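Quick caveat: nothing in here was measured; it's all calculated off a predicted structure. Computed from heavy atoms alone, side chains included, the values below leave out hydrogens, waters and symmetry copies.
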Amino acid sequence: MAQDTDGTVVVSLPDRDDAEELADQLLEQGYEPCLVHRDMLAGEDDAEDADWVIEVRTGPHGGPAVFDEPHLAALAEDYGGFAAVQ
């Protein structure tokens with residue numbers, strides 16, 4: 001069964017500085033657009049608990065970032081976060 005996705009991977013980290021650092025690393029590796037913003041995840045009811053999110057749409061190969069989700073998830077784990085296909 002095919003998944004209905006635009007290929008975007010969302011990397012969620014608890015710390016803003018870490019999110020900005022990882023976004024810079026991803027840009028250097030050829031990922032884009034690597035937009036960093038704050039986002040509340042489903043089930044969260046306190047703005048203080050909102051994570052910093054990096055939206056990655058395109059991988060260095062020019063295709064959807066979803067193809068690199070395992071790599072992005074491993075990087076996110078190094079910063080205490082996670083990655084998910086949007």
Side-chain angles (χ1 to χ4, degrees):
M1 177 185 288
Q3 249 187 321
D4 183 22
T5 178
D6 67 359
T8 299
V9 176
V10 176
V11 177
S12 181
L13 303 177
D15 183 74
R16 179 182 185 172
D17 291 338
D18 287 346
E20 290 175 351
E21 179 179 313
L22 182 54
D24 288 343
Q25 288 178 27
L26 292 172
L27 283 169
E28 289 175 8
Q29 292 178 21
Y31 291 93
E32 53 185 47
C34 301
L35 305 171
V36 177
H37 59 88
R38 201 149 199 204
D39 196 12
M40 289 182 66
L41 301 175
E44 291 180 343
D45 58 357
D46 186 354
E48 294 291 320
D49 292 333
D51 280 347
W52 291 94
V53 171
I54 307 166
E55 288 184 41
V56 185
R57 293 193 181 105
T58 306
H61 44 71
V66 68
F67 296 135
D68 294 354
E69 191 272 336
H71 173 67
L72 296 169
L75 291 173
E77 286 180 25
D78 289 344
Y79 287 93
F82 62 93
V85 176
Q86 185 175 24

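No side-chain heavy atom of Tyr31 sits under 4.5 Å from any side-chain heavy atom of Val9. Two residues are said to be in side-chain contact when any heavy atoms from C-beta on lie closer than 4.5 Å; Trp52 and Ser12 fail this criterion. Taking 4.5 Å as the limit, every side-chain heavy atom of Glu55 sits out of range of all side-chain heavy atoms of Pro33.
Residue Ala65 comes nearest to Leu72 through the heavy atom pair O-CD1, 4.1 Å, listed as atom of the first residue, atom of the second, then distance. Between Ala76 and Val11 the shortest heavy-atom distance is CB-CG1, 3.6 Å. Of all non-hydrogen atoms in Asp6 and Gln86, the two that sit nearest each other are OD1-O, 3.9 Å. Across all non-hydrogen atoms, the minimal contact from Leu13 to Gly81 is CD2-CA, 3.7 Å. Shown here for Asp51 and Pro14, the closest heavy-atom pair between the two residues is OD1-CA, 3.7 Å. Residue Cys34 comes nearest to Leu26 through the heavy atom pair SG-CB, 3.7 Å, listed as atom of the first residue, atom of the second, then distance.
Note that CD1 of Ile54 and CD of Gln25 are 9.0 Å apart. Values are rounded to the nearest 0.5 Å. Asp15 CG to Tyr79 OH: the interatomic distance, rounded to the nearest 0.5 Å, is 10.5 Å. Rounded to the nearest 0.5 angstrom, Asp17 CG and Leu22 CG are separated by 12.5 Å.
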